[in-house]
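Chain naming here is simple, since letters A, B, ... match the order of the sequence lines and numbering starts at 1 in each. Just so it is clear, the values below take in all heavy atoms, side chains as well, and ignore hydrogens, waters and symmetry mates.
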Amino acid sequence: MPTTQEQMTKATILMPDWFTRPTCVVAADLIGKILCRQMTDTDGNVKTLRMRVSETEAYIGEDDPACHSHAGTRTSRTKIMYEQGGVFYVYLTYGVHHMLNLISGSAESPESVLIRAGFLCENSDRLIEEQALGKDKQLNHIKQLAGPGKLTKRLQIDRDLYGAPIAFESGVWIEDDGCQPPLSLRPRIGIDYAGEAKDWLLRYVWTDHPSLSKK
DNA sequence: TTGAGGATGGCCT
DNA sequence: GGCCATCCTCAAA
């Protein structure tokens, strides 16, 4: 069932220029927004899966040792980071998992926001839900998208999205229905190689939400 | 051309 | 907590 808020508030689609603001602002503001994914079910019907974002990380460019563009590293993979905010940066890690990033900030400022976790909105299409859940098993719904690799697998996101605009025509877009959850800051995950930067508070989480990837 | 290693997650102990 | 699948990226040679 939709919550009262979802019934009462009309959602608006975020335009690409929303992402040209400072990366830390974008990362914080994304908590509580709705990531939408257009998908086709087994019968060929087009459906939209909606996930509310509960966890993001900011990677703040050339001065951030954890960022792919640190020290001005500019390669065929990272070149998209030098675009103006509002496009997708997707890459494969450990040869297994796709990471979904949103390029943020101004052009020539190679920064991005990693989407780490979320949870399915109650008003997502039931058919797709049941398809993923399987017939006989009741999965832990709230943990389905608790991690950047799990999230992209569930939303069927891969490098085909690299460089696409964050907009409806890409099949992946973000909506704002006015939800403003409580926010906490944490150190980022999985960047032990980054020296002192591993302690920077650039991980933004929905305070104490059960869908978070880590404490 | 080569080799090391990674913004993870699932399984095993 | 440890192990490791799996393959792309990137720096070095």
Side-chain angles (χ1 to χ4, degrees), chain A residues 19 22-28 30-31 35 37 51 53-83 85 87-105 109-120 132-134 137-164 166 172 174 184-206 209-215:
Chain A
F19 301 92
T23 296
C24 293
V25 175
V26 172
L30 276 169
I31 305 301
L35 179 66
R37 173 54 159 156
M51 177 205 100
V53 177
S54 64
E55 180 178 342
T56 62
E57 282 180 358
Y59 287 84
I60 55 175
E62 300 184 344
D63 297 328
D64 177 2
C67 187
H68 288 166
S69 61
H70 71 93
T73 305
R74 194 163 183 155
T75 64
S76 58
R77 181 177 67 159
T78 62
K79 65 185 181 202
I80 198 67
M81 300 188 79
Y82 290 82
E83 299 280 316
V87 297
F88 290 108
Y89 169 37
V90 181
Y91 69 93
L92 188 66
T93 190
Y94 297 103
V96 185
H97 305 291
H98 294 280
M99 300 288 107
L100 175 63
N101 290 255
L102 314 181
I103 299 303
S104 51
S109 158
E111 308 181 7
S112 68
V113 176
L114 170 67
I115 308 293
R116 283 193 58 91
F119 56 98
L120 293 172
L133 284 171
K137 286 220 169 184
Q138 187 83 21
L139 292 184
N140 187 347
H141 236 236
I142 208 74
K143 287 290 183 189
Q144 251 192 87
L145 305 176
K150 292 162 85 170
L151 182 153
T152 52
K153 185 177 180 187
R154 180 69 183 86
L155 269 54
Q156 295 176 16
I157 287 170
D158 59 25
R159 280 171 297 172
D160 287 349
L161 201 62
Y162 182 96
I166 305 169
V172 185
I174 295 174
S184 298
L185 273 62
R186 300 272 184 275
R188 292 173 292 180
I189 304 291
I191 54 163
D192 288 346
Y193 57 85
E196 64 170 25
K198 74 180 170 55
D199 299 320
W200 294 355
L201 298 176
L202 293 176
R203 177 171 167 241
Y204 299 83
V205 304
W206 184 322
H209 197 279
S211 70
L212 300 183
S213 64
K214 309 251 185 198
K215 278 279 183 184

Would you say the side chain of A:Met51 lies within less than 4.5 Å of the side chain of A:Ser211, judging by non-hydrogen atoms?
no

Near DNA chain B, counting only heavy atoms under 4.0 Å, which residues of residues 196-205 of chain A show up?
none

Short side-chain N/O contact to C:dT9 OP1/OP2 from A:Thr75, under 4.0 Å
no

May I ask you to test the A:Thr78-A:Tyr89 pair for a side-chain heavy-atom distance under 4.5 Å?
yes

Would you say the side chain of A:Leu212 lies within less than 4.5 Å of the side chain of A:Arg116, judging by non-hydrogen atoms?
no

Should A:Val90 and A:Arg159 count as side-chain neighbours, where that means a heavy-atom distance under 4.5 Å?
yes

Looking at side-chain heavy atoms only, is the closest gap between A:Ser112 and A:Leu102 below 4.5 Å?
no

Reading nucleotides 2-13 of chain B 5' to 3', which nucleotides get B (base under 4.0 Å from a protein heavy atom), which S (sugar-phosphate only), which -?
----BBBSS---

Heavy-atom check, side chain of A:Arg203 versus side chain of A:Lys214, under 4.5 Å
yes

Taking a pair as Watson-Crick (N1 to N3 plus N6-O4 or O6-N4) or G-U wobble (N1-O2 and O6-N3), both under 3.5 Å, which stems of 3 or more consecutive pairs involve DNA chain C?
B:1-6 with C:7-12, B:8-12 with C:1-5

For A:Asp63, does the CG atom have more than 12 heavy-atom neighbours from other residues, nucleotides or ligands under 6.0 Å away?
no

Flag the pair A:Leu100 / A:Phe88 as yes when at least one side-chain heavy-atom distance between them is below 4.5 Å, and no otherwise.
yes

For the residue pair A:Trp206 and A:Phe119, does the interplanar ring angle fall in the parallel (under 30°), tilted (30 to 60°) or perpendicular (over 60°) class?
perpendicular

